[in-house]
Structure formats: structure tokens, C-alpha cells
Amino acid sequence: MSEKQLRRSLAVLPMSTVIALTDLTARQIRYYETQELVHPKRNDGNRRRYSLNDVDRLLEIKDGLASGMDFATMRKLTAKKEAVAEKKKVSDTHARRVLEAEMQQLAGMRPAHPSLRQHL
DNA sequence: TTTCTCACA
DNA sequence: TGTGAGGA
């Protein structure tokens, strides 16, 4: 794993930062956690600490939901993203492209390019 | 002051 | 999901 990816995985962001970055409410962010969509770490006084990866996962969830997807679907997609990233050891941005391709299909929008299907 | 958990109208 | 209580 590259140093860049390690930094992206460092959970150092407090709720306030995540809220500013995602435009979600603290309530929603915590709720998504119960839905297994993100897995922030706990530090000092039981406070959640998010990583940059968590943040853009939250952003993906946000517009995924805005595109009409339900939680069950989002959970499958985020789980698949992790599986793909882990299995193929690909970059996060690559895994994100795969995820976006799926979201568009499931949202009944544009189908994924044939070049991306090989990754699904 | 910020975030946490729990519970409810 | 929003909001308020009661703590840390």
C-alpha cells in the first residue's frame, strides 16, 4: 500500500470536519455508521475519528441516495468497493470509478462503459 | 464547547 | 431522521 493511501486511511477528522465536508448532519453520519456504511475509529473520550476515505465514502453515499438508491443498495456497493480495493489492491480512485459505474446502472441512469464492466 | 448515547412526540 | 436530556 502506498504512503498516500495510508495517509488517506488515517482517522483524524472529528465530526465537525466531516459535517463541513459532506453537508450531512451529525445524526445522519452516525446513522450511516449503524448501517455499516462507514467504520470510523474511536479515540480519546469515545469520540469518532474519520479518515479521508470515510469522508468520500460518505460523499458517494450522499449522492447515491440522492440518485434514488436505498440503504441496502448502498451497503452492497460500499461493501463491494472494499472487496474490489482489497482483492485487486487497486487505487481508491479506481475502486471509486467501479462504484460510480454501478451506481449509475442501479439508479437507472446511463449504463457503464464496456471498458468498466470487466471490473464489475 | 463539542460530541456521545438514548429516547420520544 | 430531528431534537432534547444528561454526561464526559
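Source: prediction; values computed, not measured. Proteins get letters first, then strands, A, B, ... in listed order; numbering begins at 1 in each.
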A/L58 vs A/L21 side-chain heavy atoms within contact, under 4.5 Å: no
Contact letters for nucleotides 4-9 of chain B, in which S counts primed atoms plus P, OP1 and OP2 and B counts the base, heavy atoms under 4.0 Å: SB----
Pairs of donor and acceptor atoms involving the side chains of residues 32-40 of chain A, under 3.5 Å and at least two apart or interchain, shall be tabulated with distances.
{"residue": "A/E33", "atom": "OE1", "partner": "A/R48", "partner atom": "NH1", "Å": "2.6"}
{"residue": "A/T34", "atom": "OG1", "partner": "A/Y31", "partner atom": "O", "Å": "2.6"}
{"residue": "A/H39", "atom": "NE2", "partner": "A/E36", "partner atom": "O", "Å": "3.3"}

Partners meeting side chain to side chain donor-acceptor pair (under 3.5 Å) with A/T22 (sequence neighbours left out): none
Side chain to side chain donor-acceptor pair (under 3.5 Å) between A/R42 and A/N46, intermediate numbers included: CA-CA 5 Å; A/R42 298 300 188 117; A/N46 195 39; 3.1 Å; yes
Results of side chain to side chain donor-acceptor pair (under 3.5 Å) for A/T78 - residues two or more places apart only: none
Runs of at least three Watson-Crick or G-U pairs with DNA chain B, cut-off 3.5 Å: B:4-8 with C:2-6
Counterpart residues, side chain to side chain contact (heavy atoms under 4.5 Å, CB included), relative to A/I19 (two or more places apart): A/M15, A/A26, A/I29
Atom-pair distance (CG on A/N43; P on B/dT3), nearest Å: 14 Å
Results of side chain to side chain donor-acceptor pair (under 3.5 Å) for A/Q28 - residues two or more places apart only: A/T25
For A/S16, all residues meeting side chain to side chain contact (heavy atoms under 4.5 Å, CB included), sequence neighbours excluded: A/P14
All side chain to side chain contact (heavy atoms under 4.5 Å, CB included) counterparts of A/D70, not counting sequence neighbours: A/A72, A/T73
Boundaries of the DNA chain C segment in contact with chain A, non-hydrogen, under 4.0 Å: C/dT1 to C/dA8
Point-to-point distance, once rounded to the nearest 0.5 Å, from CD1 of A/I61 to CZ of A/R75: 11.5 Å
